[in-house]
Structures are given as C-alpha cells and as structure tokens.
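First comes the structure, then the notes that go with it.
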Amino acid sequence: MELMYSMSNTPVIVLPMDDEVAAGTEYLARGWCFFEFCLAFSFGTITNADIHLPVSQMCRTVAELRADTVEGFRKSFMATKFTNKGDRYVVTTLFEQTLNKKPRQW
C-alpha cells in the first residue's frame with residue numbers, strides 16, 4: 001500500500017469520518033491511517049485538500065508536526081494507536097524506507 005500512496009502517482013482521496021468515531025480513534029490518531037496520510041502528503045498525492053476542509057486541516061497539522069520527514073514522523077507517530085502493537089515497528093520502518101525512495105529535488 002505504501003507504494004500506492006507514494007510512488008505510483010495515484011491520486012489519493014482522503015475521507016476522514018472523525019465526527020462518526022469514538023474520541024481517540026480519529027483518522028490521524030490511528031497508526032496506519034497516520035502513516036498513509038503522511039506518505040501521501042510527503043509525495044503530494046492528496047487530491048481533495050482544496051475542497052474538503054477536514055483534509056486541509058489534517059495537511060496543516062502534518063506540516064506543523066513536520067511528519068512528512070523521518071524525524072518528524074517518528075516523533076509524531078508515538079501518539080498514534082494500533083490494534084496490533086507489533087505494527088508500530090513495521091510502519092516506522094516502511095515510512096523511512098519509502099521516504100528514502102523519494103526523488104531528491106536540487
């Protein structure tokens with residue numbers, strides 16, 4: 001999935017439904033969702049931030065946290081939650097590996 005959000009130029013439409021979930025389970029509070037959103041943000045593939053206010057707000061949050069960088073992601077990611085605790089290491093590693101594949105801009 002990380003390749004879809006980052007390298008395939010696939011437009012990503014984010015549809016958070018935070019007003020319909022229990023407190024503490026909002027979109028950016030969930031580990032896998034946070035990971036996927038940060039990757040899509042890092043690679044510029046989120047397509048509905050200009051037309052969907054909640055997504056625009058999430059983009060601002062990720063930018064403020066610098067969660068589109070390895071250091072910022074690691075720090076911010078600690079606040080997320082998982083159903084399967086072993087996923088935290090997997091997701092952190094996937095984020096770093098995928099971000100390191102990003103073409104450098106000179």
Side-chain angles (χ1 to χ4, degrees):
M1 287 302 290
E2 71 276 4
L3 297 178
M4 239 171 82
Y5 290 102
S6 61
M7 319 250 336
S8 67
N9 295 322
T10 302
V12 175
I13 297 172
V14 181
L15 299 173
M17 299 174 67
D18 289 348
D19 55 340
E20 297 183 28
V21 299
T25 61
E26 296 86 358
Y27 195 86
L28 291 182
R30 297 189 311 259
W32 281 103
C33 293
F34 186 79
F35 162 71
E36 293 165 353
F37 189 89
C38 290
L39 277 183
F41 181 81
S42 297
F43 284 84
T45 57
I46 297 172
T47 61
N48 63 328
D50 292 338
I51 60 170
H52 193 37
L53 183 59
V55 176
S56 178
Q57 291 169 335
M58 291 186 337
C59 286
R60 280 194 297 278
T61 297
V62 167
E64 290 168 5
L65 294 170
R66 296 186 53 240
D68 57 333
T69 67
V70 171
E71 180 182 323
F73 179 82
R74 284 184 179 177
K75 183 177 179 182
S76 304
F77 188 63
M78 296 310 296
T80 64
K81 297 177 180 148
F82 285 93
T83 302
N84 182 356
K85 303 296 180 199
D87 286 350
R88 186 168 301 282
Y89 174 78
V90 171
V91 171
T92 305
T93 303
L94 277 175
F95 184 83
E96 185 171 345
Q97 289 173 348
T98 306
L99 201 61
N100 285 336
K101 294 176 185 175
K102 186 176 182 179
R104 295 178 191 248
Q105 295 179 349
W106 300 99

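The residues of the chain are indexed from 1 along the displayed sequence. From a predicted model like this one, the values you see are computed outputs, not experimental measurements.
A49 and S56 get closest at one heavy-atom pair: O-CB, 3.2 Å. Considering every non-hydrogen atom in both G31 and F82, the closest pair reads CA-CZ, 3.4 Å. Among all heavy-atom pairs drawn from P16 and P54, the shortest one is CG-CB, 4.1 Å.
Under the 4.5 Å side-chain criterion, counting only non-hydrogen atoms from C-beta, F37 is in contact with C59. Side-chain atoms of T45 and P11, non-hydrogen and from C-beta on, never get closer than 4.5 Å to each other. The closest side-chain heavy-atom distance from Y27 to V21 is not below 4.5 Å. You'll find the side chain of N48 reaches within 4.5 Å of the side chain of I46, heavy atoms only. Side-chain contact between H52 and V14 is absent, with no heavy-atom pair separated by less than 4.5 Å. For the pair E26/C33, no side-chain contact is recorded, criterion being any heavy-atom separation below 4.5 Å from C-beta on. Looking only at side-chain heavy atoms (C-beta outward), T98 and F43 come within less than 4.5 Å of each other.
Hydrophobic clustering, with ILVMFWY side chains joined whenever heavy atoms are under 4.5 angstrom apart, groups V90 together with V70. Hydrophobic cluster membership differs between V55 and L65, with clusters built from Ile, Leu, Val, Met, Phe, Trp and Tyr side chains linked at under 4.5 angstrom.
Cluster partners of I13, using a side-chain heavy-atom cutoff of under 4.5 Å among ILVMFWY residues and allowing indirect links, are L15.
Remark: F41 CZ to F34 CZ distance equals 10.5 Å, nearest 0.5 Å. Between atom CZ of residue F73 and atom OG1 of residue T80 there is a gap of 7.0 Å, rounded to the nearest 0.5 Å. Of the inter-residue distances, the one linking Q57 atom CD with L53 atom CG reads 4.0 Å to the nearest 0.5 angstrom. The line from CG of L94 to CZ of F35 is 4.5 Å long, rounded to the nearest 0.5 Å. For the atom pair CE (M17) and CG (D19), the distance works out to 7.5 Å, reported to the nearest 0.5 Å. To the nearest 0.5 Å, atom OG1 of residue T25 and atom NZ of residue K81 are 8.0 Å apart.
Both the sub-6.0 Å distance and the 45° axial angle are satisfied by R88 relative to the ring of F77.
Applying the side-chain hydrogen bond (donor to acceptor under 3.5 Å, both in side chains) rule to pairs touching residues 66-78 yields R74-E96, sequence neighbours excluded.
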